[in-house]
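Below, all heavy atoms of this structure are taken into account, side chains as well, without hydrogens, waters or symmetry copies. One is the number of the first residue; the rest follow in order along the sequence.
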Amino acid sequence: MACRIGELVLGCREPEVLARFWCEVLDFVVLGREDDGSVEIGPREGFGGAQPTLFLSARAEPEPGKSRLHIDVNPTDRDQDAELERLLALGARPADIGQTGEESWHVLVDPEGNEFCLLKARIKEL
């Protein structure tokens, strides 16, 4: 038996704002809210499926230092360029972390400045 990732936790100042953003990006829904303002989002099927949930933990200030974890996303129903346009329209912004311009991915930040990468679509081979 092995473990699975159940949830990813992201500290943020405005969990509701990030919940709306990430729900649109990932086609997730709000699964729960905590008394402190934290919000948990996840797949429409709910908890325990193949995808982990995203717990947006309310914090007054971000934790110091660069986060060692970031999210990578892949388009599921369009090409990378079309998905980049969609993410930018949702409020993502390009981030410069020293890329060369030759990368096959785009580095972005969400509305609170958390880095994530848009990769190319992955097609399941038959």
Seminar exercise, completed: Besides Val109, the hydrophobic cluster formed by Ile, Leu, Val, Met, Phe, Trp and Tyr side chains linked at under 4.5 Å, directly or via other members, contains none

Problem set entry | Euclidean distance, Thr53 OG1 relative to Leu26 CG, rounded to 0.5 Å | 11.5 Å

For this session: List for me each residue that meets side-chain contact (heavy atoms from CB on, under 4.5 Å) alongside Asp96, sequence neighbours excluded, and say none if there are none.
Result: Gln99

Exercise. Of Ser57, Pro15, Cys12, Cys23, which is the lone residue that meets side chain to side chain contact (heavy atoms under 4.5 Å, CB included) with Val39?
Worked result: Pro15

Exercise. Could you give the distance from CG (Leu8) to CG (Leu56), rounded to the nearest 0.5 Å?
Worked result: 10.0 Å

Problem set entry | Closest non-hydrogen atom pair, Cys117 against Trp105 | SG-CD1, 4.0 Å

For this session: Just jot down the salt bridge (Lys or Arg N to Asp or Glu O under 4.0 Å) partners of Arg78, sequence neighbours excluded, or say none.
Result: Glu83

For this session: Output yes when a side-chain donor or acceptor of Gln80 lies under 3.5 Å from a complementary backbone atom of Pro75, and no otherwise.
Result: no

Exercise. Are Phe28 and Val17 in one and the same hydrophobic cluster, where Ile, Leu, Val, Met, Phe, Trp and Tyr link if side-chain heavy atoms are under 4.5 Å apart?
Worked result: no

Exercise. Looking at residues at least two apart in the chain, or sitting in another chain, which of them share a side-chain contact (heavy atoms from CB on, under 4.5 Å) with Thr76?
Worked result: none

Problem set entry | Polar side-chain atom of Asn74 near backbone of Lys120 as donor-acceptor pair, under 3.5 Å | yes

For this session: Please round to the nearest 0.5 Å and tell me the distance separating atom CG of Leu119 and atom CG of Asp72.
Result: 4.5 Å

Exercise. Partners of Asp36 by side chain to side chain donor-acceptor pair (under 3.5 Å), sequence neighbours excluded?
Worked result: Ser38

Problem set entry | Results of salt bridge (Lys or Arg N to Asp or Glu O under 4.0 Å) for Glu16 - residues two or more places apart only | Arg33

Seminar exercise, completed: salt bridge (charged side-chain N to carboxylate O under 4.0 Å, His left out) pairs touching residues 99-108, sequence neighbours excluded, are none

Exercise. Do you know which two heavy atoms are closest between Leu18 and Pro111, and how far apart they sit?
Worked result: CD2-CD, 3.8 Å

Exercise. Listed by chain and number, what are the side-chain contact (heavy atoms from CB on, under 4.5 Å) partners of Leu90, not counting sequence neighbours?
Worked result: Phe21, Glu24, Val25, Arg86, Leu87

Exercise. Among all residues two or more places apart in sequence or in another chain, which pass the side-chain contact (heavy atoms from CB on, under 4.5 Å) test with Asp27?
Worked result: Arg44

For this session: Check whether Phe55 and Ile5 end up in the same hydrophobic cluster, where Ile, Leu, Val, Met, Phe, Trp and Tyr are linked by side-chain heavy atoms less than 4.5 Å apart.
Result: no

For this session: Return the set of residues passing side chain to side chain donor-acceptor pair (under 3.5 Å) with Asn114 (not counting sequence neighbours), or none when no residue passes.
Result: Asp110

Exercise. For the residue pair His70 and Glu115, what are the closest heavy atoms and their distance?
Worked result: CB-O, 3.3 Å

Exercise. Does the gap between the ring centers of Phe116 and Trp22 come in under 6.0 Å?
Worked result: yes

Exercise. Quick one: hydrophobic cluster around Leu31, which other residues, with the 4.5 Å side-chain cut-off, linked directly or via members?
Worked result: Val29, Phe47

Exercise. Taking the side chain from Glu40 and the backbone from Val30, do they hold a donor-acceptor pair closer than 3.5 Å?
Worked result: no

Exercise. Taking the side chain as C-beta and beyond, is there a heavy-atom pair between Arg13 and Arg59 under 4.5 Å?
Worked result: no

Seminar exercise, completed: Sequence neighbours excluded, the answer for side chain to side chain donor-acceptor pair (under 3.5 Å) partners of Asp35 is none

